[in-house]
Amino acid sequence: MTRLAAFATALLMATPVAAQDKETMCDKTAAIVGKAVASRADGAAAEATVKAVTGTIGDADARYRPAVQPIVDWVYTLPEELLSDEVEVSYKEQCLAQ
């Protein structure tokens, strides 16, 4: 998960989120991970998950929308047996450790 956390951090730091604190960024992107995992576990296709998760991001957090596609792509590579709340927790830990 370290690579994805690093990728998401780099992606978001390249956008206007640079002034925002790391913990908030990690919280927001970890929430995207959690929503993507739940959607996949419910049997949704990746494209539907991208649309659904993107739709949950309000205008105040619009800077996180570009992170949805790569996060969903990553979540859909995980083995099915790993689809639990632990993915979100591990992602956040790795993100904060960057």
Side-chain angles (χ1 to χ4, degrees):
M1 279 187 246
T2 302
R3 286 187 194 154
L4 181 66
F7 172 75
T9 300
L11 175 70
L12 290 170
M13 294 307 271
T15 65
V17 79
Q20 192 169 8
D21 75 315
K22 188 177 192 174
E23 188 168 347
T24 299
M25 187 212 39
C26 291
D27 284 342
K28 300 286 185 176
T29 55
I32 293 170
V33 170
K35 290 173 186 174
V37 167
S39 184
R40 179 177 171 209
D42 287 344
E47 185 176 310
T49 296
V50 169
K51 289 179 184 177
V53 173
T54 301
T56 67
I57 300 173
D59 289 341
D61 291 326
R63 66 186 63 132
Y64 295 100
R65 289 180 186 142
V68 174
Q69 183 72 57
I71 288 173
V72 169
D73 290 346
W74 171 73
V75 165
Y76 277 75
T77 68
L78 296 175
E80 210 168 305
E81 62 270 11
L82 294 181
L83 300 179
S84 72
D85 295 341
E86 288 303 310
V87 176
E88 181 177 351
V89 172
S90 293
Y91 173 89
K92 183 176 177 185
E93 289 172 356
Q94 292 297 317
C95 181
L96 291 170
Q98 296 297 315

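Nothing here was measured: the structure is a model prediction, and the numbers come from that model.
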At their closest point, which heavy atom of [X] faces which heavy atom of [Y], and how far apart are they?
{"X": "Lys92", "Y": "Ala30", "result": "CB-CB, 3.8 Å"}
{"X": "Pro66", "Y": "Ala62", "result": "CD-O, 3.7 Å"}
{"X": "Arg40", "Y": "Tyr76", "result": "CA-OH, 3.4 Å"}
{"X": "Ala36", "Y": "Val53", "result": "N-CG2, 4.1 Å"}
{"X": "Cys95", "Y": "Thr29", "result": "SG-OG1, 4.3 Å"}

Please tell me whether [X] and [Y] are part of a single hydrophobic cluster in this structure, the criterion being side-chain heavy atoms less than 4.5 Å apart.
{"X": "Tyr91", "Y": "Leu96", "result": "no"}
{"X": "Ile57", "Y": "Val75", "result": "yes"}
{"X": "Val50", "Y": "Leu78", "result": "yes"}

### Message
Less than 4.0 angstrom from a charged side-chain N to a carboxylate O is my criterion; do Lys51 and Glu47 meet it?
### Response
yes

State the [atom1]-[atom2] distance between [X] and [Y], to the nearest 0.5 angstrom.
{"X": "Gln94", "Y": "Cys26", "atom1": "CD", "atom2": "SG", "value": "10.5 Å"}
{"X": "Ile71", "Y": "Lys35", "atom1": "CD1", "atom2": "NZ", "value": "11.0 Å"}
{"X": "Asp61", "Y": "Thr56", "atom1": "CG", "atom2": "OG1", "value": "9.5 Å"}

### Query
Would a 4.5 Å heavy-atom cut-off, applied to side chains only, mark Arg65 and Ile32 as touching?
no

#### Entry: Residues in side-chain hydrogen bond (donor to acceptor under 3.5 Å, both in side chains) contact with Gln69, at least two apart in sequence or another chain
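In terms of side-chain hydrogen bond (donor to acceptor under 3.5 Å, both in side chains), with neighbours along the sequence ignored, Gln69 is linked to Asp73.
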
